[in-house]
Every structure is written in C-alpha cells, then in structure tokens.
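Atoms within a ligand are numbered from 1 in the order they appear, just like the ligands themselves. All of these numbers come straight from a predicted model, not from anything done at the bench.
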Amino acid sequence: MDARTYEQEALAAIEDASTAGELDDARIRYLGRKSELRLALREVRERETGMELNRVRLAIEAAFEAKEEVLRGAADARALEETIDITLPGDRAPRGHLHPITQIRREVEDAFLGLGYHVRYDREIETAEYNFDKLEFPPWHPARSPRATFFLNGDVVLRTETSPSQIHEMEEHEPPMYMVSIGRCYRRDTIDATHYPIFHQFEGLAIDRGITLADLKGTLLHVMRMLFGEDRAVRFRTHYFPFTEPSIEPDVSCGICGGKGCRTCRNSGWLEMGGAGMVDPAVLRNCGIDPEEWSGFAFGCGLERVAQLRHNIPDIRVLWENDLRVLRQF
Ligand code: DAH
C-alpha cells in the first residue's frame with residue numbers, strides 16, 4: 001500500500017464526517033483490526049516501512065481525537081440550546097408580605113405614635129391579680145370562671161384582654177402618661193365566624209390633669225378616621241366595665257352603606273368597636289395615683305375586628321389558617 005495516499009484518504013474521511021456515527025465508520029475503515037494499515041503493519045519486515053506506517057497511524061489517531069472533540073462540543077451546544085433559552089428573562093424570587101393582622105397592628109401603632117403615645121407589649125401570661133383584681137372585677141364576674149378563661153395553674157391565667165397593661169403602665173410610671181398596648185389575648189370561646197380563642201387587642205390609656213370624656217371621644221374619632229377613612233363618625237353607647245366609670249361602647253359609622261344601614265351593620269348604620277370609659281378612681285388608687293389630682297380614659301378594641309371591617313372578611317378563621325390564596329389578597 002502507499003502510506004501517503006492512505007493517510008490523505010483517511011484524513012479526508014475524518015474531515016468529511018459530520019456525526020459521531022460517520023466518524024466511527026471511518027475509524028473502523030482506516031484503523032480497525034481489518035484495515036489495510038493494520039494488515040500492512042502485521043506484515044512489516046524492515047525498519048523503514050515500519051516507522052513510516054506507525055507515523056501514519058499516529059497522525060490518523062490524532063486526527064480522530066481532534067474531530068471527536070469538535071463533534072462533542074457541537075452536540076453539547078445543541079443540547080443546551082434545546083433546553084435553555086438564554087434570551088428569556090430570569091425567574092423572580094417570590095417575596096412574601098406582612099400578615100393582615102400585622103399590617104393593621106402597625107397602622108394602629110402609627111396612629112398613636114402620631115398622637116404622642118408610647119407603645120408597649122406586655123406578657124400574655126398574667127396573674128388573676130393583674131387580669132382581674134386590680135381592674136376591680138368583682139368576685140362573681142363571669143370572666144373569672146374557668147369556663148371563660150384559660151387558667152394555667154392556681155391564679156395564673158392567659159390574659160383575657162390587654163387591660164392588665166393599664167395596671168403595669170400606672171405602676172411603672174408617674175402621670176401624665178399616654179400609652180397603647182398591643183398583643184394577643186385568650187378566651188375559652190367556641191370557634192365560629194366571629195370568635196377564636198386567640199385574638200389581638202389594642203388598649204389605650206391616657207392619664208393627665210383634667211381629662212374628660214370629650215378627650216376620649218376626640219381621640220377615638222381621630223384613630224377611627226386614620227384606620228377607616230376621613231368620612232367616619234363615632235358615637236358612644238353607655239355600657240358597663242368593672243374598671244371604668246362611666247363605661248361606654250364606641251361605634252364607628254358603617255363605611256359599606258355610609259350609615260344608611262346594610263347587612264354588615266345589621267341595618268343600624270353603626271359598627272361596634274370595643275369598650276372604653278373613664279378610668280375608675282378605684283383603679284387609679286390601686287396603682288397609687290391620686291384620683292383627686294389625675295383623671296384618665298381607657299379603651300380596648302380587637303385587631304381582628306378592624307381587619308375584618310377594613311377588608312370585608314366575613315369569617316375570622318381565615319386570619320388564622322394561613323391559606324396563601326387568602327393572604328395573598330392583602
Ligand atoms: N377589656 C375589655 C374587653 O376585653 C375592653 C375594654 C373596655 C378596654 C373598656 C378598656 C376599657 O380599656 O376602658 O372587652
């Protein structure tokens with residue numbers, strides 16, 4: 001055989017191969033066990049011819065390897081192109097947001113900080129002394145029943161309201177004082193559309209010289225307008241709470257019907273917003289404050305209630321289930 005011609009033919013075949021299959025065919029043909037080159041090598045008798053044939057073998061092998069590399073690179077690029085369109089925009093990392101109750105809590109904090117109040121957070125585990133006694137709950141009050149309140153052991157309870165914060169505030173500070181306390185409360189309520197055994201309240205307390213019911217009304221009007229809009233009105237209904245005298249229940253005008261009467265406000269035009277009143281002189285005295293010199297008002301309101309009214313949420317339970325289909329709407 002003519003070594004040079006053989007080499008050129010082989011190199012041309014390698015050059016022409018455009019797939020791995022064609023390249024393999026060429027390899028078998030020019031380097032395989034039955035190829036002309038192998039047979040010639042087996043029959044070599046003299047050194048010169050042997051050297052020449054081996055040079056040709058090495059050159060062809062190197063050409064195969066180089067071509068293999070080229071074909072593999074092209075295949076990789078094609079595979080990548082099929083799976084990734086590098087011109088598409090990337091995926092955005094999903095970003096959460098605050099729970100509606102947290103959003104409302106922050107709005108309440110903002111409203112009162114703007115009035116010069118300070119915000120406090122108190123313990124959720126209280127003693128009966130702070131949850132009831134110092135707030136002048138009489139011994140027969142139904143809230144003292146273990147059927148209404150979670151008793152942990154003996155006199156220790158899960159607070160049923162944020163009102164114990166009033167006592168802590170008055171014991172820790174000298175008047176004048178303006179504070180709002182926000183946090184979780186617990187009651188042994190059966191779960192339904194408007195009740196849940198865990199809920200949130202915000203509780204305000206203002207103690208100063210010459211504070212009157214008019215200050216309470218002005219404060220609540222301002223806060224309700226911040227939470228629900230400038231067109232809202234506030235009214236008071238008389239009520240009873242152990243720790244206020246007089247006690248009232250504030251209502252805010254219904255924003256759905258504008259006060260004309262609808263299903264949400266049960267045709268009254270008004271929505272109940274919690275409890276309030278002038279701090280009972282006995283409570284002031286329990287905390288070492290002289291009721292002859294100081295007077296004050298207090299109020300309490302549920303955050304869930306505010307959230308329900310703000311967003312028209314008919315069932316309180318969705319605020320605890322953390323179903324993303326619900327929460328994503330707020
Ligand atoms: N603690 C009362 C409740 O949970 C709400 C309340 C009423 C708070 C009158 C007050 C208040 O501060 O003065 O129903």
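- With 3.5 Å as the limit, one finds a donor-acceptor pair spanning the side chains of Asp122 and Ser165.
- The 4.0 Å heavy-atom shell around ligand 1 contains residues Glu161, Ser163, Gln166, Arg187, Gln201, Glu203, Phe241, Phe243, Thr244, Gly275, Ala276, Gly277, Ala298, Phe299, Gly300, ordered by chain and number.
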Is there a ring-ring contact (aromatic ring centres under 6.0 Å, His included) between His200 and Trp320 once you walk through the steps? CA-CA 12 Å; His200 297 78; Trp320 294 95; 5.7 Å; yes
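- Contacts of Phe236 classified as ring pair (Phe, Tyr, Trp, His ring centres under 6.0 Å), with partners at least two apart in sequence or in another chain: none.
- Applying the side chain to side chain donor-acceptor pair (under 3.5 Å) test to pairs two or more places apart or on separate chains, those with a residue in residues 137-159 are Asp133-Arg144.
- Looking at residues two or more places apart in sequence or on another chain, you find a ring pair (Phe, Tyr, Trp, His ring centres under 6.0 Å) between Tyr30 and Tyr6.
- A centroid separation of 6.0 Å or more is found between the aromatic rings of Tyr178 and His118.
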